[in-house]
Amino acid sequence: MQHRRTIRFLLGNELRELTDLDPTLTVLDWLRGAERRLGTKEGCAEGDCGACTVVVGRLVDGVVRYEAINACIRFLATLDGCQLLTVEHLKRPDGTLHPVQQAMVDCHGSQCGFCTPGFVMSLYALYRAEVASPGGVPDEQRIDDALAGNLCRCTGYAPIVAAAQQLRDRTTDHIDEALPTVTRALAALADDAVVETGRDGRRFLAPATVDQLADLVLANPEATIVSGATDVGLWVTKHQKVLPTVIYTGRVAGLARITNRGDALELGAGVTFTAAKAALGGLHPDLDELLRRVGAEQVRNAGTIGGNIANGSPIGDTPPALIALGASLTLRRGTQRRTLPLQDYFLAYGKQDRQSGEFVESVTVPKLGQGDLFAAYKISKRFDQDISALCACFLVTLGDDGLITRARLAYGGMAGTPKRAAAAEAALLGRPWDATAARDAKAALAQDFTPLSDWRASAAYRLAVAGNLLLKFQAESAPGAPATRVLVQRAQAFKAGCDIASRGVCNA
Ligand SMILES: Cc1cc2nc3c(=O)[nH]c(=O)nc-3n(C[C@H](O)[C@H](O)[C@H](O)COP(=O)(O)OP(=O)(O)OC[C@H]3O[C@@H](n4cnc5c(N)ncnc54)[C@H](O)[C@@H]3O)c2cc1C
Ligand code: FES
Ligand code: FES
């Protein structure tokens, strides 16, 4: 295996080549400490406030794709092969403000200014992605989504949203002008070597292929695998954890692949929430909505499906949905692979069926078939960027005679692991999908779960809501049921005075 000991990336258009890096030095600390670029701010250091938002460009199929991320929880060495843009890069060399900066000025989008660079970078990412053609304008929902990961304590959001709406006519900016050069430079940086850096006996390893990853994980079974670092970053910034060896998966293109297998989608472990949203959202609109509510854009651009499964969290949002759909997980150890039903991976709180030297390679998600009814619900205190108190995902299959032939009811937040409700499922089989069946299943949930009380929700609340969501699912999905759920933009719903349920749904 060929190793390269220099981390190479573009800061703006300038090549940076760094050696002997602290494996968990964050992008934010490097920018503010080593580079003295003080535009990028630290608010929370845990991915919540967006003050540290930067934009990272990386080559995908020969095209530079730009995405907003949180610099506070991203390790610098993971930027190998990328372009890093900070707020300092936006104005032209002659001092002319970038259109997103000018829009913020024109709309009075800033007061104390602490959050402003982060908002500007989120707006810049939106400008790049959405305002692609003259006259193009992102809708309110898209603007809300782009800004949901940025918090402001003093200006209020209306002027900032107004600034986003002002970006209708996208003009060519100086970053566009440099794009051909940047594309060539990034292509020249790409190679198949294992990138290695470190200091003080600690190591950072970034393989480029799945085989290299498999060899490295097998040879270093004690290493911490890092994908998007949206969990691991916080171990470092909040828990001051020292990680002796880090193996980063983000350079492995083969792990970020989504393959359509006809009756199923196979998602590599390195598929980000953003990429998964586009793919899984095509299977059912609730999956699109569920993924839209994982973290905020900065988190979704970094966090991966593999990380969401591998961390074994009882309140991760994708496992309940994938379990309800009947997904299977492929783990790899060296050259050996094994596949198991996803639900069997979660053994107990903090304990997963992963052997030493093994890693999560992919998850295969069956598509919905004839007679399948599906719904996914996320209940959290705050609509955006909040961890679930409860996540409920249901699949019920009806036979030609209208009777239930299959029930997969999966919950997060109800036990120490994401878990199916076996007794409730049994209460449904062989019956018509009606309110009586749903009520019986709701009653059976008490045999399935003894949820905990914590600051997100009490045990009684969790059990009540878990059952009520079953009733809601039945009411919404029973054959011939009138449409009760109208997905609306949150802003419109507020204007209409609707009582918005936690998933942005207005029951009209
Ligand atoms: C502000 C914020 C909001 C969030 N909101 C949500 C939310 O709404 N819903 C939600 O579900 N989560 C949320 N999270 C948590 C986090 O984004 C997810 O758990 C994410 O899926 C973790 O993926 P990652 O790629 O960042 O994993 P990492 O942080 O890189 O790793 C997480 C764990 O998985 C292991 N791991 C990673 N990849 C592999 C692999 N291929 N094989 C084996 N082990 C692996 C790591 O060693 C580590 O133990 C949030 C996080 C933040 C910071
Ligand atoms: S400092 Fe708050 S998200 Fe990074
Ligand atoms: S302008 Fe002060 S925090 Fe946003």
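Atoms within each ligand, like the ligands themselves, are counted from 1 in listed order.
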If we ignore angles and hydrogens, is there a donor and acceptor under 3.5 Å between the side chains of [X] and [Y]?
X	Y	answer
E266	N260	no
S227	T249	yes
N301	E297	no
Q83	Y66	yes
R153	Q111	no
S110	T116	yes
R74	T78	yes

Other residues, nucleotides, ligands: >12 heavy atoms within 6.0 Å of Q336 CD: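 Count not over threshold, so no.
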
L452 atom CG, over 12 foreign heavy atoms within 6.0 Å: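 Open: at most 12 neighbouring heavy atoms sit under 6.0 Å from CG of L452.
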
Residues lining ligand 1 [heavy-atom distance under 4.0 Å, listed by chain and residue number]: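 For ligand 1, the contacting residues are E46, G47, D48, I225, V226, S227, G228, A229, T230, D231, V232, L234, W235, A269, F273, R293, V294, G295, V299, G303, T304, G307, N308, A310, N311, G316, D317, R354, F359, V360, K378, Q385, D386, I387.
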
Parallel, tilted or perpendicular: ring planes of F9 versus W30, cut at 30 and 60 degrees: perpendicular

Parallel, tilted or perpendicular: ring planes of F119 versus Y157, cut at 30 and 60 degrees: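 Because their plane-to-plane angle lies in the 30° to 60° range, the rings of F119 and Y157 count as tilted.
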
Please identify which atoms of ligand 2 are closer than 4.0 Å to at least one heavy atom of [X].
X	answer
C44	1 (S), 2 (Fe), 3 (S)
G47	3 (S)
C49	1 (S), 2 (Fe), 3 (S)
G50	2 (Fe), 3 (S)
D48	3 (S)
C72	1 (S), 3 (S), 4 (Fe)
C52	1 (S), 3 (S), 4 (Fe)

Any V271 side-chain heavy atom under 4.5 Å of T304 side chain: no

Quiz item: cation-pi between R293 and F383, 6.0 Å / 45°: yes

For atom 4 (Fe) of ligand 3, every protein N/O/S atom that sits closer than 2.8 Å, waters excluded: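 Counting only protein N, O or S atoms under 2.8 Å from atom 4 (Fe) of ligand 3, the list reads C115 SG, C152 SG.
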
Structural part of A71 in contact with ligand 2, heavy atom criterion under 4.0 angstrom: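 It is neither part, as no heavy atom is under 4.0 Å.
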
Part of T53 within contact of ligand 2 (heavy atoms, under 4.0 Å): neither

Backbone of R58 reached by a side-chain donor or acceptor of R65 within 3.5 Å: no

